[in-house]
Structure formats: structure tokens, C-alpha cells
Amino acid sequence: MGGQPLFILSEDSQRTQGRDAQSSNIMAGKAVAEAVRTTLGPRGMDKMLVTTSGDVMITNDGASILRQMDIEHPAAQMIVEVAESQEDEVGDGTTTAAVIAGNLLAEAEDLIEQDVHATTIVEGYHEAARIALEAIDEQVLEIDVDDDILAQVAESSMTGKGTGNLSPDVLAETVVETVRRVDSEDGVKRDDIHVHAQVGASSSATELIEGIVLEEEPLHDEMPTTIEDANIAIIDVDLGVRTGDIDAEYSIESIDQLNAAIDAETSELRETAQTVVDSGVDVLFTTKDIDDRIAAVLADEGILAFEVKNRGARQVAGATGAARVGAVADLSEEDFGQADRVRTETYGDDDLVFVEGGATAEAVTLFIRGGTEHFINELNRTLKDALDVVTAALDSGEVVPGAGATEIAIADRIRSAAAGIEGRKQLAVTAFADALDVVPRTLAANTGTDPIDALVDLRAAHETDGRAGLVTDGESVTVADPIELGVVDPADVKREAIESATEAATMIVRIDDVIAAE
Ligand code: ADP
Ligand code: MG
């Protein structure tokens, strides 16, 4: 082959190779992790994110921030995925995972400068991650994970988040109570927990509803607002005058004929209404329409009726055991569901219906209220994290000390193990330990404490006392045993953070060629 150059890529595609590719990927990954660093821990700050359409979100939640940031760089995108998989797997620890991933990349960059080959770094990181997981097992507290510990887990995940004037310890108790409600022999049924955030009334009330909450209003003003021991029916058909599938026209030639037609229609409606009334139903949900005149009859008879969306109908069916019915004539007792109470409430412009004490489901709803949409949304995210960590802790029964103590212990363990590892891989293993120091260091920085001093103090305390974290308690920040001050995290949150951060970092380090099509 001589002379002629050979083009295999289109002219518009861009290609970066070797060190350039590595360093630009690493830089992008680090930048993403850096973006969430200041939100970590009880003194983490919030971020305000504005979408292109002008919507504003104020949040402290790592995964939410990264998701909203609309990140395009493929390597940066991988760090976003770290946070997302962390969120999917365990629900919390997203900032921690992203920050560790970013620091694994920063350490890798140094190693590459020292001519440590990417493959060696990857091997060393995997080795270190394995040691880290063992170290986490050792950190698992040998205690019974009871309600007090669960409340501590919940509170640890909530301190520093937007809970407004709702005190975290009261919220933590509500969260534990909620999770306990759906705990069974097969584990926690997390899907049975709903959170309903209601804007309005700067109330500090958060209630646990034993059932579901739907945003629907009764079809008629005169309907009852509360029904106890309710028979519940769900019907998927219009309640009104039958309309044919074909267009038909009647020609009416006299007033008598017109009256007869109206009478026929009225009696048909009355008959339909009567069938509903006779069935013995107390509360009727329909996914279709109900004629106003039928609604008026139902109201007269003390029946409560709602038009709901398909999703709402499914929830009602799940909670009350009602079977969905396709024809009015089929309404019968055996298809009814039951609930202890169905009640309607109005909050500002919103009408809500509460279906409580349903016969078939243990579905519960955390009903939260607060002043503004922003506050409610962030509280929603905070409670979701808290519900997830309590679920994780209860399901596995494993918790570890928080406030950076576990990370210090892992790093210590990795450093001791590194001594026995030959060659340059040792450098990579040690670098992994250094990357974990970022968690206590960041907790320190975010409280305004000098990160280097804090780390030195922490390590010293870890040496002598065996367990030490940088604990924020009210106004003070001290090196102390996190357990004594009730700062505990589920072990699974730490495991997942190590695994997902390692996976993303090693994947990024291994890339030495980026070919981007136009
Ligand atoms: P993430 O998204 O990683 O969950 P957070 O902002 O929720 O980030 O911070 C979690 C970290 O804060 C954990 O390491 C946890 O142990 C720590 N933490 C929670 N409460 C305290 C506290 N009172 N003092 C010090 N650290 C705490
Ligand atoms: Mg958290």
C-alpha cells in the first residue's frame, strides 16, 4: 500500500487519543463530582437549578442536581450514572458516591503522570475495592437494629436537608413508623409507601395516612364528605344516556313526541342511578363520565362518587380489593372493596380524597404539608431518602458508623493491606485509600473546619479509640464516636458507593481513544 492515505472515519468525526483522551475524560469526571461536593453532609449547601423553561429547583440531593444539570460529556455522564445507580439501588449516598468517583479519577491522574499504566491502576483499584468491602463488613455494628437505631439512620440522612420548621427527630420517628407499617416476613414493601406533598398552609404537620390519597373532587357538592365502613366500587363505563356507535337522527314532529323523548331519557338515567343505589355501594369511582343528573341522584342517596384516572382506579383497587366492573348491571357486592373510611378534604385550590383502612393493602401515605412548592419538593426528596435508608437498614439489619468514620476505617485497612502488595499496583491501592479520605475531608470543609487538621485528628483518634468521625451536633463539630451521637448509615449505602464509584472510575481510566461522530 503506498502513497494514498486511507480514511476510515468521516471527515466530521473527532478523535482524541492517548494521554489527551485520558486527561480530558478524567477532567470531565472530576468536574462533575466537584459540582456536588459542597452539598455533602449535615452542613452541605443547597443548589438552585434553573431549567431552560425557567423552572427553579432548590435541592441538596446529589442525584437530583446531576440529573438536572443536563450534562453532555460522555465521561461526565458516567459519574451522573454513578449517582443514579446509587439512587436506584439504595436511595441515598449519591453525593458520597459521586465525590468518591471524582477523587478516584483525580488520584488516577496523578498516577498516570507518574507513568503508572492504566491497567495497573484498574487492577489496583479493584483490589482496593475488594479490601474496602471486607472493611465495611468489619464495621457493621453488632447491635440489634431496633426502632431507635432506625430513627438514627433516618435522622442521619435528613440532617442538613430542607425540613424547614419540622424537626428532624420527629420526622425520623414518622419515617420509621411508616416503614414499620409495610414491613413483612418478605421484607419491607417499599412500593406500598406513598408520599403526598401538599402545598399550602405553612403548617408543620406531617401525618401518616393508613391508605391512599388521590387528588380528586366529589362529583356533586351535596355528596357526603365522610363515609365510614364504605363499600367501594370501581366502574369503567360511562354512567349516562346510552349513545349509539352510529349517528342517528330522530325527526320529531310534535311537542308530545319531544316530551316522550325527554321522558325516555330521564327514565333511563333514573334507572341507571337506581341500579347503582340498589347495589349497596357507598363510594363509586369511575374512570369514565357520570352524567350530572345521575350524580345528583347519587348525592341525594348519600353516595360519594369520583371520576378518577386509570392510575387512581388501580390504586383504589389495590388498597380496597375492589374488582373493576365493566357494566352498571354488574355492580354487585362481591366486586366491592372495603375501606374503614373515605373522606374528602379541601386544601386551598386542591380537593383530596383519603381512602383509609382499605381491606386488602397495607398501603400507607406520608402526607406532608408546607408553605411553598420548593420547600415541599425538597422535603419530598429528603423523606424519600430517609424512607429508603430505613428500608435498607431494616432489610439487611446492617448499619455502620457515619460522619466519615467508616471511610477512615476503610482507608486505614486498605493502607495496611497495601504494604503487602508488590510493584506499582501498590501505588494504585494506596491511591484508592487517599481517595476515600475525601469524604471526611469534605465533611470538614463543609463545616468550615480545616480539612487537613480534621483528617490528622481523625486518624489519630481512629488509632487510639478505634472509631472516630467528624460529628456535627447542633452548633459544634467534634471528632467523636458517631455511634454515641447517633450518626449511623446503612452498610449497603457504603457498599454501593464503593462499587459504583470504582466501576465508573476504572471504566473512564481505561479509555484511551475517543471517537465522536458529528
Ligand atoms: P449523600 O448524598 O452522600 O447521602 P449527604 O449530604 O446526605 O450526602 O451526606 C451524607 C453524609 O453525612 C454521610 O457520610 C453521613 O454519615 C454524614 N452525616 C450525617 N449526619 C451527620 C452528622 N450529624 N455529623 C457528621 N456527619 C453526618
Ligand atoms: Mg444522604
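Residues Asp351 and Thr346 have side chains that bring a donor and an acceptor to within less than 3.5 angstrom of each other.
Partners of Thr119 under the side-chain hydrogen bond (donor to acceptor under 3.5 Å, both in side chains) rule, at least two apart in sequence or in another chain, are His117. Not a single side-chain hydrogen bond (donor to acceptor under 3.5 Å, both in side chains) links Glu155 to another residue, sequence neighbours left out. Partners of Arg314 under the side-chain hydrogen bond (donor to acceptor under 3.5 Å, both in side chains) rule, at least two apart in sequence or in another chain, do not exist in this structure. With sequence neighbours left out, Thr94 forms a side-chain contact (heavy atoms from CB on, under 4.5 Å) with Asp61, Ala63, Ala83, Gln86, Glu87. For Met27, there are no side-chain contact (heavy atoms from CB on, under 4.5 Å) partners two or more places apart in sequence or in a different chain. Looking at residues two or more places apart in sequence or on another chain, you find no side-chain hydrogen bond (donor to acceptor under 3.5 Å, both in side chains) involving Glu89.
Under a 4.0 Å N-O distance rule, the pair Lys494/Glu407 qualifies as a salt bridge.
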Under 3.5 Å, which donor-acceptor pairs do the side chains of residues 140-147 form with other protein atoms, sequence neighbours left out?
from   : atom 1 : to     : atom 2 : distance (Å)
Asp146 : OD1    : Asp148 : N      : 3.2
Asp146 : OD1    : Ile149 : N      : 3.0
Asp147 : OD1    : Arg180 : NE     : 2.6
Asp147 : OD1    : Arg180 : NH2    : 2.8

Donor-acceptor contacts under 3.5 Å from residues 453-472 side chains, at least two apart:
from   : atom 1 : to     : atom 2 : distance (Å)
Arg459 : NH2    : Asp437 : OD2    : 2.5
His462 : ND1    : Gly466 : O      : 3.4
His462 : NE2    : Asp412 : OD2    : 3.3
Thr464 : OG1    : Ala460 : O      : 3.1
Thr464 : OG1    : Ala461 : O      : 3.3
Arg467 : NE     : Asp481 : OD1    : 3.1
Arg467 : NE     : Asp481 : OD2    : 3.4
Arg467 : NH2    : Asp481 : OD2    : 3.4

All N/O donor-acceptor pairs, side-chain side in residues 394-403, below 3.5 Å, sequence neighbours left out:
from   : atom 1 : to     : atom 2 : distance (Å)
Asp395 : OD1    : Val188 : N      : 3.1
Ser396 : OG     : Ala392 : O      : 3.1
Ser396 : OG     : Glu398 : N      : 3.1
Glu398 : OE1    : Arg495 : NH1    : 3.0
Glu398 : OE1    : Arg495 : NH2    : 2.8

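Just one of Val213, Thr365, Ile368 meets the side-chain contact (heavy atoms from CB on, under 4.5 Å) condition when paired with Val195; it is Ile368.
Among residues at least two apart or in separate chains, ring-ring contact (aromatic ring centres under 6.0 Å, His included) pairs with a member in residues 394-437 are Tyr125-Phe432. Applying the ring-ring contact (aromatic ring centres under 6.0 Å, His included) rule to pairs touching residues 129-184 yields nothing, sequence neighbours excluded. Note on residues 170-179: pairs passing salt bridge (charged side-chain N to carboxylate O under 4.0 Å, His left out), not counting sequence neighbours, are Glu177-Arg181.
Note: Tyr347 and Phe367 have tilted aromatic rings, judged against thresholds of 30 and 60 degrees for the angle between ring planes.
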